[in-house]
Amino acid sequence: MAASAELIRLTAREAVHRLSKGEVTPLELIDAAVARIEEVEPTVHALPTLCVERARDHARRLMQNRAVLQGGARGWLAGLPIAIKDLNEVAGVRTTHGSPIFADHVPQKSDVVVERLEANGGVVLAKSNTPEFGAGGNTFNEVFGETLNPWNTALTCGGSSGGAAVSLATGEVWLAHGSDHGGSLRTPASFCSVVGLRPSPGRVPHGPGAYAFYDMSVNGPMARNVGDLALFLDAMAGQVLADPLSTPAPASSYSELVASPKPPKRVGFTADFGGAVAVEPEVREICARAAKRFADFGAEVEEASPDFTGAMDAYHVIRAFSFVASRWPLIEQHRDKFKPEIVWNAERGLKMTAAEFGAAQRTRSAIYQRMVDFFAEYDLLLCPAASVPPFDVKKRWVEEIDGRRFDNYVDWMSAACVISLTSCPAASIPCGFTADGRPVGLQIVAPMRDEASLLQAAALFEEASGLAGQLPIDPRPGTAS
Amino acid sequence: MTAGADELIRLTAREAVARLKRRELTPLDLVEAAAARIEAVDGAVNALPIRCFDRARDYAKRLMEGKGREREDHPGWLAGLPIAVKDLIDVEGVRSTFGCPVFADRIAPKSDPLVLRMEERGGIVLARSNTPEYGSLATTWNPIFGHTSNPWNTSLTCGGSSGGAAAALAAGEVWLAHGTDIAGSLRIPASCCSIVGLRPSFGRVPRAISGRAFNPLAVQGPMARDVGDVALFLDHLSGYFPDDPLTLEDRAEPFARAAAEPSLPPRIAFSPDLGFAPVAPEVREICAAAARRLEGHGAVVEQASPDMAGAEEAFMPLYQMSLLLDRQEVVEQHPGRIAPAIVEPLEAAKRMTTVELAAAERARAAIVVRFNEFFRTHDLLIAPTVSVPPFDKELRAPAEIDGQPSRYDFHWIALSYAVVLTGCPALAMPAGFTADGRPVGLQIIARPRDEAALLRAGALLEQLTGLAERVPIEPRTGAAA
């Protein structure tokens, strides 16, 4: 058996390969992950809930049948330990949603994405920390406290899939599941220098939720590199009965497509979304330099942006309605147990009329049309994944960027939110560091359902960027200023 | 010309396309045959009030000159078959009214993307089929063109809103007709006219961008005289189209193959009323008898239904909201000139609170959960398409259903709109005739995205009933009572 320090450094693909060959067992990987978790968790608080015995039981069941373990089907994880965000229920495992209301909640049944991952040989080892009900881009909650950024533990890891990003960056797990409404797969990926992909609606099944036909809230994969991300998407993608938006897995596997990537011909880059989004100057510069790298593999790079005028207003209205649809009955019942940002968001939704919601839907449709027109000219849109590098973990949210002030906890994440509004697939890929060493991610956006082109371009960029292979890291102390 | 017009109009679409492909017929032969038939019978039914014969002849000649044949290898290639397009989507250079008097003389400046697709894939637009104003009734009447009559008895309604399409098919005016469905408009007229209509899954057939691009309620789809033809037309219409954000990826197998393999899955449920709708006894009996025919053909047919409680409370607010999204602009621009069937629900949507709309979304999600649970133990669900046989065409809705007063215009189509909530595809097809000769239809409902299962089962049922043989017919006069 390889030393556990070596095992935690493997790519997920290599780990799955060795599992399939019988060169390492799921139990050994669980032990390696647990050893690493014991080492770093006291510093970062990424995986507050472990289910080691449940994982070992699952591992033993898988190991009983050699043929099964060898697998070979698309997306087969062969017993690889994974982390599930604490917004998704795992049968028999404490699932808090980051809320004191569910602090002691142990569900009987798993969420459909969890069922799917387990059916594909993923072994759930831990629940990753999230802000209360996933609301907000800084991962802290009343139940488990803050998750810290391993690049500088004075900083936020982003959110809401913050625990997932940190668990990957520190090598606690090889793959971590997340979800995204307004950037929750992309902001923490940007802040922790990992990769996170927000898929098209229905690509990854989830639920069943109270608002079953809501396409803006999606589940998706996070990983340390693009190849692993593709494998994890293969393990998640597909149709389930419980999610009416879910679609059958595509004809070709993402892992295969990424292994021999086809470069984009022409990409558009915008540092500030045509002026619609405030972005810190250093982030703009780092992303602009990164976008130029696309020329290294033959793509024509041009400055261009769809018109996002009105996008953030529409996003706010649709988001507020989703809080009414998904959460209002619970908020009415336990108002004092919700954080003020959620109450604010739901009340904003209550004050709206259905007609305002309708107007926002029309704006959304118009912006989608502009995206379609943009993609008629460009294969991909490149832009910052987040407007700022990671900030002081003690700040609940960013109040000002580049001279623009915000009066709510969402606006600083506009770089991600305006893309969510289009529902086009989007990923954050590490693209550099600020002068003081804080990670920055490049957002790559593709046409609807074209995760394949997105992942292929991301793989080429990852290679060109020279940033691959720096993970996992040991948590580093630092200051927030 | 190799065959008489009367013979040509009786061909299946499949056979007509096969002969076109073998060059035994020309597109012009079929254009002329259909034009002659329309001239002969449309006076009695008023199904295709807008005709573009010369435009169709031009397209036919282009194809015959070898132009516009780039998609010849597509499985849905129609090789020059004339088709009817519902008057709700634009055909370039042709009068396109939406059944709305404001637009009575409007000539469409460009074609809807779906029309472009049809024309790329060898379909020739021959005529526009009649529809109630903006498709907002379950019968077919508008102030521009008046009633479309039922060819089985011209005193009766043909159903709606794709009523012109259904009547045109039954009367042999075209081989295939396009329709739309937000509350049952592909299925209701199929039931009333004893033809076949398929409501596909969201995203299967693309929709042009509109105010409600992301709102999964309305779809477009195929209508035909038999199941094999509806499958061919579905191949013709379906496929990835990113302008529609709900778009699905292309399927590996053509739908026509499914229809060519008549077979049943093992567990079939039949419900005469989906447990919630009033249904006329004769309709129940005719549909039950048709469903029973499937027994002994590889399936068990059991009487069972998912719990559809809350369907009306969920559907009506969502329907009202979709009218607000789509029609607010036209209603405000043309006060007093848009039909109450549009204005009244739209005004109701304006008065709606977000709490009410959210409750409808939650009610819908609850139905989806129960419906999908049902599909764990059953493979298909069969129910009547509508609650009563076709009634007096002068009425917007029957006065009573099963001895009870009808409470609202859509009461008699509750079985159709309930299915819309689930996102499941549904195939409406003939089940039989009442003692006084009025058509009765049933719908087969499958798991989301599984149109193929519908086509296989529908093809078998059609063999057993033999009802597809009865169309086309000569329009018949009769009494409404």
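In the text below, chain A, chain B and the rest are named by the order of the sequence lines, each starting its count at 1. A quick note: this is a predicted structure, and the numbers were derived from the prediction, not measured.
- With a threshold of 4.5 angstrom between heavy atoms, A:S200 does not approach chain B through any atom at all.
- With a 4.5 angstrom heavy-atom cutoff, B:S201 does not touch chain A via any of its atoms.
- In this structure the side chain of B:Q328 reaches within 4.5 angstrom of the side chain of A:R362, judged on heavy atoms.
- With contacts defined as side-chain heavy-atom distances shorter than 4.5 Å, the pair A:P244/B:T422 does not qualify.
- Contact between B:L325 and A:Q361 at its shortest, heavy atoms only, is CD2-CB, 3.5 Å.
- Per-residue heavy-atom pair counts under 4.5 Å with chain A were compared for B:R447, B:R251, B:K350, and the maximum is reached by B:R447.
- At distances below 3.5 Å, not a single donor-acceptor pair connects side-chain atoms of B:T354 with backbone N or O atoms of A:T353.
- In this structure, chain A has a heavy atom under 4.5 Å from the backbone of B:L421, while its side chain stays farther away.
- Environment of CD in B:E261: crowded, with over 12 heavy atoms of neighbouring residues, nucleotides or ligands closer than 6.0 Å.
- Put simply, CE on A:M448 and OG1 on B:T247 are 9.0 Å apart, with the number rounded to the nearest 0.5 Å.
- A salt bridge links B:E249 with A:R203; the closest basic N to acidic carboxylate O contact falls under 4.0 Å.
- For B:R376, the parts lying near chain A are the backbone and the side chain together; criterion is any non-hydrogen pair under 4.5 Å.
- Looking at heavy atoms from C-beta onward, A:F213 lies out of side-chain contact with B:L217 at the 4.5 angstrom threshold.
- No part of B:N215 comes within reach of chain A, as not one of its non-hydrogen atoms sits under 4.5 angstrom from that chain.
- With hydrogens and angles disregarded, a donor-acceptor distance shorter than 3.5 Å links the side chain of B:R449 to the backbone of A:L245.
- With a 4.5 Å cut-off on non-hydrogen atoms, A:A210 touches chain B through its backbone and its side chain both.
- Heavy atoms of B:V369 lying under 4.5 Å from chain A belong exclusively to its side chain.
- Contacts between A:L421 and chain B at a heavy-atom distance below 4.5 Å involve the backbone alone (N, CA, C, O).
- Ranked by heavy-atom pairs shorter than 4.5 Å toward chain A, the options B:S322, B:P242, B:G423 are led by B:P242.
- For the set A:A320, A:S423, A:S246, A:G207, the entry with the most heavy-atom pairs within less than 4.5 Å of chain B is A:S246.
- Inter-residue side-chain proximity for A:Y214 and B:E361 is flagged as unmet; no heavy-atom pair is nearer than 4.5 Å.
- Both the backbone and the side chain of B:M352 come within contact range of chain A, each with at least one heavy atom under 4.5 Å from a heavy atom of that chain.
- When heavy atoms are compared at a cutoff of 4.5 Å, A:Q239 approaches chain B solely by way of its side chain, counted from C-beta outward.
- Only the side chain of A:F321 comes within contact range of chain B, with at least one heavy atom under 4.5 Å from a heavy atom of that chain.
- Proximity to chain A is limited to the side chain of B:F202, based on heavy atoms less than 4.5 angstrom apart.
- Geometrically, A:R364 engages B:F214 in a cation-pi contact defined by less than 6.0 Å to the ring centre and at most 45° from the axis.
- Looking at B:Y240, the atoms closer than 4.5 Å to chain A (heavy atoms on both sides) all sit in the side chain, from C-beta outward.
- Smallest separation of non-hydrogen atoms from B:L357 and A:F357: CD2-CD2, 3.4 Å.
- With a 4.5 Å cut-off on non-hydrogen atoms, B:L246 touches chain A through its backbone but not through its side chain.
- Contacts with chain B (heavy atom to heavy atom, under 4.5 Å) involve these residues of residues 322-332 of chain A, listed by number: A:V324, A:A325, A:P329.
- Heavy-atom distances place no part of A:T363 under 4.5 Å from chain B, backbone and side chain included.
- Counting only distance, with no hydrogens or angles, the side chain of B:R364 and the backbone of A:A212 share no donor-acceptor pair below 3.5 Å.
- Considering all non-hydrogen atoms of both residues, A:L241 and B:P448 come closest at CD2-CD, 4.1 Å.
- Of the two parts of B:A349, only the backbone, made up of N, CA, C and O, holds a non-hydrogen atom closer than 4.5 Å to a non-hydrogen atom of chain A.
- Within a 6.0 Å sphere centred on CD of B:Q333, heavy atoms belonging to other residues, nucleotides or ligands number more than 12.
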